[in-house]
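Heavy-atom basis, side chains included; hydrogens, waters and symmetry copies ignored. First listed ligand is number 1; within each ligand, the first listed atom is number 1.
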Amino acid sequence: MASTPFLQAIAITKTYPGERIAGLKKTSLSIQPQKITAIIGESGSGKSTLLKLLYGLLSPDEGEMQFKGERIWGPEEKLIPGHDAMKMVTQDTDGLNVYAKVWDNIAVLMPNTDVAAKEERTNQVLKQLNILHLADKQAFFLSGGEKQRVSIARALITRPEVLLLDEPFNQVDTSFREGLQQDIRQIVHDTGLTVIMVSHDPAEVLSMADELIVLKDGEIIEAGHPKTLYQNPQNLYTARLLTNCNILSHQDAAYCGISTKADNIVIYPEWATPTGSWTRKDWAVKQVLFKGSYEDLLVEKKHITLRLLNDQPGKYQVGDKVHIKIGKYLEF
Ligand code: ADP
Ligand code: MG
């Protein structure tokens, strides 16, 4: 017997009042429990709409949302909108009381009936989010990244089964982001939390997600494991979201020695390698963008510019002539 899906959308649609174009076209999907699912897509593609529908902050026009086989109630049907087994964190940390200490900001969400349990649980989430050292600090003095950690601790203290994140790391700088991403992965691993996150940062979704859902114009155009989608995207749109790739028309592909019937070919920066030791050096290095452990090289031939990844920084200078070996490309 098939078990009841954890969280699913069954043929839902959503058009905002007064709008002609649907925020979300007919969509069905099933979210795997105890995993991180990431939703990616251009701005306006319907990511937040889908997240709000899953949470019950919006009602679908057609179809149904279900959590463990039961219909998720919309905002018209519930006193406090949002499913009780879920919590949502967005970019805005307005929910924090900036005059209160971090500890109180978190503990306030626990009932006062069992003070010892409240204390223990508060300390536990402070530890999980690595903010125990901030417990006595007034929220006003926290950095953006620290505030975001407090917001997530507040969401988790009541042990929701699902945590929904709508681009919560946007205001957080890169070094902070990575730590927070790792901690969330750890929490999912340790507690069996289910996370659904919206992001438009390829590095973030590729390193964090177990499952990726790609939205375009209110439609899911593909879904799967991040590695699969990265290596073999079925759509040019997906490749563009996940990498800083080179897109060539088929005429330009021919200039690069690739004959194709497809409209476009896509070459990821790591799929093309420069070699200085070839006789036919028909590409010129136009720019060298130092990235620390590697470089991005912009090379040019006629009107075509390619971005390549060079893992031997310092090897090429602007003006050098190189041969380019294209090891792999995709056709669309
Ligand atoms: P994303 O989160 O991917 O940027 P959204 O889900 O916010 O996209 O929006 C999807 C589409 O629905 C967009 O075209 C947006 O303009 C529209 N939309 C979103 N919220 C509203 C609203 N409250 N009223 C009218 N249109 C909306
Ligand atoms: Mg959004």
Using a 4.0 Å cut-off to any heavy atom of [X], which atoms of ligand 1 qualify?
| X | result |
| --- | --- |
| E19 | 25 (C), 26 (N) |
| S43 | 4 (O) |
| E42 | 3 (O) |

Around atom [atom1] of [X], are there more than 12 heavy atoms from other residues, nucleotides or ligands closer than 6.0 Å?
| X | atom1 | result |
| --- | --- | --- |
| K25 | NZ | yes |
| K78 | NZ | yes |
| L132 | CG | yes |
| K286 | NZ | no |
| E178 | CD | no |

- Message: For residues 12-37, which residue pairs pass the ring-ring contact (aromatic ring centres under 6.0 Å, His included) check, not counting sequence neighbours?
- Response: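 The answer is none; no pair qualifies.
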- Query: Under the 4.0 Å line, does any protein heavy atom show up next to atom 20 (N) of ligand 1?
  - Reply: yes
- Short check: is a protein heavy atom less than 4.0 Å from atom 10 (C) of ligand 1?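 Protein heavy atoms within 4.0 Å of atom 10 (C) of ligand 1 - there is at least one.
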- Could you please spell out the steps behind the ring pair (Phe, Tyr, Trp, His ring centres under 6.0 Å) verdict for H83 and Y55? CA-CA 6 Å; H83 195 283; Y55 186 31; 8.3 Å; no
- For the residue pair F176 and F169, is the inter-centroid distance of their aromatic rings smaller than 6.0 Å?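 F176 vs F169: aromatic centres not under 6.0 Å.
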Got the closest protein heavy atom to [atom], with its distance?
| atom | result |
| --- | --- |
| atom 27 (C) of ligand 1 | Y16 CD1, 3.2 Å |
| atom 7 (O) of ligand 1 | S48 CB, 3.8 Å |
| atom 6 (O) of ligand 1 | T49 OG1, 2.5 Å |
| atom 8 (O) of ligand 1 | G46 N, 3.2 Å |

- Does ligand 1 have an atom under 4.0 Å from some heavy atom of G41?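 Judged by the 4.0 Å heavy-atom criterion, G41 does not count as contacting ligand 1.
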- Query: Excluding waters, which protein N, O or S atoms are within less than 2.8 Å of the Mg ion (ligand 2)?
  - Reply: S48 OG
- Just checking, is any N or O donor in the side chain of Q124 or R121 under 3.5 Å from an acceptor N or O on the other one? yes
- Do H200 and E167 have side-chain N/O donor and acceptor atoms under 3.5 Å apart? yes
- Compute the shortest N/O to N/O distance between G44 and ligand 1 and return yes if it is under 3.5 Å, no if not. yes
- Please determine if E77 and R71 form a salt bridge, counting it only when a charged side-chain N lies under 4.0 Å from a carboxylate O.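 The answer is yes: the pair qualifies as a salt bridge.
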